[in-house]
Amino acid sequence: MSEAAENSSAQLETPVEPTVSNSGSQSNMSAPSVKDAKDELNDFDVDQQPVLEIPIKPASAYVTISIFCTMIGFGGFISGWDTGTIGGFLAHPDYLRRFGSKHHDGSYYFSNVRTGLVVSIFNIGGLIGCLTLGDLANRIGRKMALVAVVIIFIIGLIIQIASIDKWYQYFIGRIISGMGVGAISIFSPMLLSEVAPKHLRGTLGSMYQLMVTFGIFLGDCTNYGTKAYDNSVQWRVPLGLSFAWCLFMIAAMFFVPESPRYLMEVGKVEEAKASIATSNKVSVEDPGVQAEIDLITAGIEAEKAAGSASWMELFSRKGKVFPRLFMCCMLQTLQQLTGCNYFFYYGTVVFQAVGLKDSYETSIVFGIVNFASTFVAFYVVDRFGRRRCLMWGAAAMVACYVVYASVGVTRLHPHGDDGPTSKGAGNCMIVFSCFFIFCFACTWAPIAWIIVSETFPLRIKPKGMALANGCNWFWNFLISFFTPFITGAINFYYGYVFMGCMVFAYGYVFFFVPETKGLTLEEVNEMWEEGILPWKSPNWVPSAKRDASMDMEALQHDDKPMYKRMFSRN
């Protein structure tokens with residue numbers, strides 16, 4: 001190695017410590033910017049320059065961080081619990097008697113409007129929570145932000161449980177609870193992405209969705225257990241159990257590590273090192289820890305040089321910010337347009353239509369399939385990558401909807417809509433519904449949250465995730481509100497609508513979603529800034545690790561016809 005290269009190497013390996021004023025605020029750091037670091041790396045032969053990385057240990061070494069990520073992901077359980085219980089509430093007699101409308105013959109019912117509002121207003125609360133509470137993560141830290149929004153959820157719970165017979169009081173409580181859960185959907189995946197080791201980020205990032213599915217399953221089981229009662233126990237007990245889940249979540253936040261990126265941003269360098277060391281099961285003195293601190297510091301300095309982030313900056317094309325925002329919003333939109341909540345919110349109602357005597361049992365089956373399938377995601381998301389899983393998932397869900405909708409339209413009522421249903425057709429629809437849930441749970445369910453949590457630069461991350469996750473809650477609202485009207489008008493033809501959305505999703509992922517498997521969050525940012533074509537992103541290598549054989553021009557341009565792009569490997 002030349003003398004100049006050795007000097008460059010020494011500069012890059014020198015630990016960069018920020019200067020902290022006596023008041024505790026962080027002053028100017030002497031770290032190089034990301035661009036400067038990349039330029040220095042290109043000045044010499046990187047083949048001769050070892051890149052310091054935290055060593056990968058056996059799986060047993062990551063038990064502690066896995067437990068911590070389960071605690072962080074438990075925020076998803078709170079959301080899933082609501083999804084699992086609210087569908088059953090709609091069929092409980094006491095709930096109908098208190099909050100429904102009354103027929104002339106004295107029977108109670110929920111109109112389509114009231115059904116849609118009671119179920120879906122929670123999602124409007126989620127949207128409001130995303131947009132108004134998202135910046136808490138930068139102001140008080142990821143962990144304390146989670147504590148704060150769980151308390152907001154508890155306030156909404158109290159209002160709901162205290163409701164006697166005024167549906168609009170229950171309605172208000174669901175809005176407030178939704179605000180808390182909407183903010184949880186930002187902070188929980190955010191903290192997971194920032195504390196998980198990079199080679200396990202996909203797996204541990206799936207903990208949020210695993211907890212969502214666990215919540216749905218236990219919520220379904222609780223509905224089944226309380227259906228025999230003829231009083232408010234039917235719905236107040238499931239609501240009351242939510243207090244226990246909230247208290248567990250709050251207590252867990254005092255044990256899990258804080259985001260090292262947030263700690264570096266507020267000048268707590270030693271705590272950031274300890275957080276990285278805890279996550280990766282190494283000592284604080286490990287050279288790889290210092291190398292990651294240096295990389296985070298460089299990224300923070302580069303972002304600080306650009307000034308404070310504003311909402312309008314999200315719509316800037318500088319640094320590929322707007323394309324990232326649009327991609328994340330589209331992924332969260334398409335996750336809802338899979339039609340997943342068509343089954344989860346209205347499962348008990350839909351499968352009464354196929355002749356089941358106890359649709360609660362079907363909901364429990366769905367919950368088991370959903371929960372168990374998410375474990376498959378732990379393997380596939382880091383084994384095969386984000387892009388391939390999303391495309392496989394979309395293609396498989398298209399096949400499921402073709403069968404489900406076609407059988408529902410042509411075979412379910414062989415003697416007309418007013419006649420009895422076909423047991424064989426009903427069983428077929430249930431089986432393919434389970435296939436659909438399997439395909440969704442191990443691909444689109446967790447991966448959309450993972451990609452959103454790892455795409456944005458640190459400085460605009462809370463705002464970017466707020467808008468992207470807000471799209472998820474908004475479309476969740478639209479689907480849950482309008483489903484009663486749509487199914488009343490077109491019945492099982494509704495499945496063809498979702499099928500078309502999944503055909504579009506396949507193409508969208510291929511052309512617009514880059515692969516981020518195995519990259520640090522800073523490397524993900526670098527890939528976006530270099531303008532790599534998404535379908536060539538699996539071949540991209542970070543600047544600190546690439547050699548002279550890397551053809552950047554080929555990764556940034558492609559003159560092949562569209563059909564060759566989609567059906568060739570390179």
Report task. Could you tell me whether Phe171 atom CZ has more than 12 heavy atoms of other residues or ligands within 6.0 Å of it? Result -> yes
Query raised in the report: Any sub-3.5 Å donor-acceptor pair from Ser373's side-chain atoms to Asn370's backbone N or O?
Result: no
Query raised in the report: Closest approach of Lys143 and Val256, non-hydrogen atoms and distance?
Result: NZ-O, 2.9 Å
Query raised in the report: Quick check: are there more than 12 heavy atoms from other residues, nucleotides or ligands sitting under 6.0 Å from OH of Tyr493?
Result: no
Report task. Taking the side chain as every heavy atom from C-beta outward, state whether Met179 and Val149 have any pair of such atoms under 4.5 Å apart. Result -> no
Report task. Could you tell me whether the side chain of Val524 reaches within less than 4.5 Å of the side chain of Arg201, counting heavy atoms only? Result -> yes
Report task. Check for a donor-acceptor pair, side chain of Gln234 on one end and backbone N or O of Tyr229 on the other, with a separation under 3.5 Å. Result -> yes
Query raised in the report: Who passes ring-ring contact (aromatic ring centres under 6.0 Å, His included) against Phe371, sequence neighbours left out?
Result: Phe214, Phe375
Query raised in the report: If you measure only the distance, is there a donor-acceptor pair under 3.5 Å linking the side chains of Ser120 and Asn476?
Result: no
Report task. Would you indicate whether the side-chain heavy atoms of Val195 and Ile72 approach each other to under 4.5 Å? Result -> yes
Query raised in the report: Is a side-chain donor-acceptor pair under 3.5 Å present for Ser406 with Tyr496?
Result: yes
Query raised in the report: Do any N or O atoms from the side chain of Ser79 and from the backbone of Gly75 form a donor-acceptor pair under 3.5 angstrom?
Result: no
Requested in this report: With sequence neighbours excluded, give me every salt bridge (charged side-chain N to carboxylate O under 4.0 Å, His left out) pair touching residues 372-382.
Outcome: Asp382-Arg386
Report task. May I have all residue pairs that pass side chain to side chain donor-acceptor pair (under 3.5 Å) and include part of residues 176-196, sequence neighbours excluded? Result -> Arg142-Glu194, Gln160-Ser177, Ser185-Trp473, Ser193-Lys461, Glu194-Ser259, Glu194-Lys461
Side-chain donor-acceptor pairs of residues 61-69 under 3.5 Å, sequence neighbours excluded:
residue: Tyr62; atom: OH; partner: Lys57; partner atom: N; Å: 2.9
residue: Ser66; atom: OG; partner: Tyr62; partner atom: O; Å: 2.7

**Report entry** OH/Tyr494: more than 12 non-hydrogen atoms of other groups inside 6.0 Å
**Finding:** yes
Requested in this report: For Thr222, check side-chain hydrogen bond (donor to acceptor under 3.5 Å, both in side chains) against everything at least two apart and list the hits.
Outcome: none
Query raised in the report: Between Val402 and Phe432, is any pair of side-chain heavy atoms under 4.5 Å apart?
Result: no
Query raised in the report: What residues, two or more places apart in sequence or in another chain, satisfy ring-ring contact (aromatic ring centres under 6.0 Å, His included) together with Phe436?
Result: Phe343, Tyr401
Requested in this report: Might you point out which heavy atoms bring Ile450 and Ser453 nearest each other, and give the distance in Å?
Outcome: O-OG, 2.7 Å
Query - Partner residues of Arg98 under the salt bridge (Lys or Arg N to Asp or Glu O under 4.0 Å) criterion, sequence neighbours left out - result: Asp94
Report summary line: Residues at least two apart in sequence or cross-chain that pass side-chain hydrogen bond (donor to acceptor under 3.5 Å, both in side chains) with Gln335, listed by chain then number, are Asn472
**Report entry** Considering all heavy atoms, the nearest Asn223-Phe89 contact
**Finding:** OD1-CE1, 3.6 Å
Requested in this report: Using the test salt bridge (Lys or Arg N to Asp or Glu O under 4.0 Å), find all partners of Arg383 that sit at least two apart in sequence or belong to another chain.
Outcome: none
Report task. For Trp235, check ring-ring contact (aromatic ring centres under 6.0 Å, His included) against everything at least two apart and list the hits. Result -> Tyr95, Phe99
Query raised in the report: For the residue pair Gly219 and Thr85, what are the closest heavy atoms and their distance?
Result: CA-CG2, 3.7 Å
Query raised in the report: Which residues satisfy the side-chain hydrogen bond (donor to acceptor under 3.5 Å, both in side chains) test with Asn469, sequence neighbours excluded?
Result: Gln332
Requested in this report: Over all heavy atoms of both residues, which pair between Val509 and Arg387 is shortest? Give the atoms and the distance, please.
Outcome: O-NH1, 3.0 Å
Report task. May I ask you to decide if Ala425's main-chain N or O and Arg411's side chain share a donor-acceptor pair within less than 3.5 Å? Result -> no
Report task. With sequence neighbours left out, write down each residue that passes ring-ring contact (aromatic ring centres under 6.0 Å, His included) with Trp475, or none if nothing qualifies. Result -> none
**Report entry** Closest contact, heavy atoms only, Phe187 versus Gly134
**Finding:** CE2-O, 3.4 Å
